[in-house]
Amino acid sequence: MLNIKDLYASVEGNQILKGLSLSVKAGEVHAIMGPNGSGKSTLSKVVAGHPQYTVDRGSIDYEMSGGVKSLIGMAPETRAREGIFLAFQYPVEIPGVPTSGFLRASYNAVCRHHGLEEMDPMDFDGFVREKMKILEMDDKYIDRAVNVDFSGGEKKRNEILQMAVLNPRLALLDETDSGLDVDSMKIVAHGVNTLRNKRNAMIVITHYQRLLNYIKPDVVHVLYQGRIVKTAGPELALEVEERGYDWLIK
Amino acid sequence: MSDSKQFPNDNKLTGDYKYGFSTDVESDTAPMGLNEDIIRFISEKKGEPSFMLEWRLKAYHHWLTMKEPHWPNFSYDPIEYQDIRYYSAPKKKGDGPKSMAEVDHEVVKTFEKLGIPLGEQKRLAGVAVDAVFDSVSVGTTHQAELEKMGIIFCPISEAVHKCPDLVKKYLGSVVPQTDNFFAALNAAVFTDGSFCYIPAGVRCPIELSTYFRINAKDTGQFERTIIIAEKGSYVSYLEGCTAPVRDENQLHAAVVELIAMEDAEIKYSTVQNWYAGDKEGKGGIYNFVTKRGKCVGARAKISWTQVEAGSAITWKYPSCILQGDHSVGEFYSVALTNNKMLADTGTKMIHIGKNTRSTIISKGICSDFSHNSYRGLVRIAPSAENARNFSKCDSMLIGNNCSANTFPYIEVKNNTATLEHEATTSRISAEQIFYLQSRGLDKEQAVSLVINGFCKEVFKTLPLEFAVEAVRLLEMKLEGSVG
């Protein structure tokens, strides 16, 4: 589904990714771990198409509706409509815009792209409320402005709600566990697991093994200085938890 | 006149201002310049009673003693008052149109092109329209139905004949002839505008609206609108404006007076989209307007909502004099400036009665090389026991070359007053846009969503169709602004 080869990428003139390669297939969950500054968030932003990040070298190929295509140079909204979803580490506030209207605009933008019928507000309301149940969210929540005055936990749940609404083929979760207490983390992980199936794939970026107790990865990678230095099964996360990163990077 | 000649300026020259066309109609115009003869000419053209001519001349003589003010937060090229034509009207056949069927075909077509159908079959449901083309009203719809309820809605030039006593009583009662330089000029030369009278206890069932169109070259538009809401009545009034693309600046100095009696409510909404000049700031309308309402009776309410998206310069402060006890004044504003536009706008809330309340919500959106200022006064008179004001002034900047300012003035002469003021300045951030794009929205949709969210408190006070129009207008204006 996603094939990254020898990727070099920069932000504001600093090269962060230096020869990263990663291959993700449908039905897989990959965890990416690594110390601060290793390039985890950069990877997610480059795949999602953040305009401040530039690809210097290498390739990112993605299997989309019209066959395998390069993501390089593709507008972020096109990537989103083709099923790439980034759950932000720091979700952005949009004052005055109700969450319900935002979710529907987003959902319908994806529908239009695929030539599907858009959903009217009434039907959409029912559709969203079903998704909210999975995340144990309060009904009033979708009338509030997007992320404004949300607690850290609410913001993260909102990201997963958006993911549930858009039903992406490839989801990148950027430190979705940061700032969450154990109960919230369980709810978020439950939401993510509900969405997991054979047709989609996920890349879970995290500092801690904790989240991976709830979202079981198929593959664990350790990222260091812009490249993947170790790839193994779920046991690698436990080992990192116990021993830290030092043994991997020396 | 051949069809191909109708809209010579359409599309190509107008760029993104789709109302920039001009209409080729035969006009009846006054000679250039301003003097007593011109005022007599205007008064005669309108067949006015003598009290009107006297009133105009008094204003003119006072105006001659006044100096053009220069205190706003911008400067502009001097206005040559002798190079303006103070009267221009599409030529009439005989005594002028008796019904819509007689209105010049080209003029009707112009309004249709602006989305304001005037024909009996096509006119807008639920909205009565008075269409003002340059210096004259060319037609008012729904008049007969309104008359059955005792509502008078007609051009002011008609009102001076129809109900001279009402005109005499209220003309200048809120904005005197001598009020300020531009108001005095307006009083001397005003040519048309709407007159609305809502009798006691009547709730006007439809929106009343005036659509102003400047067409002729070198012409100023000086309209005057008066709305009187008698005891316990209600009216919602809408005002829209456009003008052709021209290289010269054109002056628009209007006066609006609102009078709300006991328990009456007037809701006045404006979507202003005068031609704003080109990217280099060439041309555009000088929109120097005096708008003021007076809550005369107890529990009266006046609510101003404005969406200011056009004009090279906007300089106006729709205000409320809260004279009646428990009366309420509201001001909701969105002012958008782009390219080299200048805006200095806000409101004045003058609290005189006891327990009077006012709310000010101002949203300034500023992009390119424009300057956008909020200027507002809240005055609490010694008599205004327990007055309350809440003010919120938010500015949003797009890009690095524009500037936004807030000038809140407060004068409190009664220590039982409660005043709150909030002000914020923000930017549309690249992160917001990326966030929305990463959810499938394109950049234009993303910007429009952020702007709509920013203006939400104001838009929700507009009548629905107007709110939709306002949103579209801002989207159109901001296209390509966020890089």
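Hydrogens, waters and symmetry mates play no part in the numbers below; they use all other heavy atoms, side chains included. Throughout, protein chains are lettered first and strands after them, A, B, ... in sequence-line order, and every chain is numbered starting at 1. Note that the structure is predicted; figures quoted are calculated from it, not measured.
- Looking at A/A105, both its backbone and its side chain come within 4.5 Å of chain B, counting heavy atoms on both sides.
- Contact count versus chain A (heavy atoms, under 4.5 Å) is highest, among B/V450, B/N452, B/L436, for B/L436.
- Neither the backbone nor the side chain of A/V165 comes within contact range of chain B; no heavy atom of the residue lies under 4.5 Å from a heavy atom of that chain.
- With chain A as partner, the option from B/K456, B/Q437, B/Q432, B/E431 having the largest number of non-hydrogen pairs under 4.5 angstrom is B/Q437.
- A salt bridge is defined here as a Lys NZ or Arg NE, NH1 or NH2 lying under 4.0 Å from an Asp or Glu carboxylate O, and A/R112 with A/E117 fails to meet this definition.
- A salt bridge is absent between A/E77 and B/K443: the closest approach of a Lys/Arg side-chain nitrogen to an acidic carboxylate oxygen does not fall below 4.0 angstrom.
- Between B/Y332 and B/F459, the gap from one ring centroid to the other reaches at least 6.0 Å.
- Under the 4.0 Å criterion applied to side-chain N and carboxylate O atoms, A/R169 and A/E82 are not assigned as salt-bridge partners.
- Comment: B/E239 engages B/K291 in a salt bridge, judged by a side-chain N to carboxylate O separation of less than 4.0 angstrom.
- When heavy atoms are compared at a cutoff of 4.5 Å, B/E457 does not approach chain A at all.
- Neither the backbone nor the side chain of A/P168 has a heavy atom closer than 4.5 Å to any heavy atom of chain B.
- Residue with the most contacts toward chain B among A/Q162, A/R81, A/H50: A/H50 (heavy-atom pairs, distance under 4.5 Å).
- Within the 4.5 angstrom heavy-atom criterion, only side-chain atoms of A/L166, from C-beta onward, approach chain B.
- Ion pairing of A/R157 with A/E136 is absent here, as no side-chain N (NZ or NE/NH1/NH2) approaches a carboxylate O to less than 4.0 Å.
- Comment: B/K392 does not engage B/E420 in a salt bridge, judged by the lack of any side-chain N to carboxylate O separation of less than 4.0 angstrom.
- With a 4.5 angstrom heavy-atom cutoff, B/Y435 touches chain A via backbone and side-chain atoms both.
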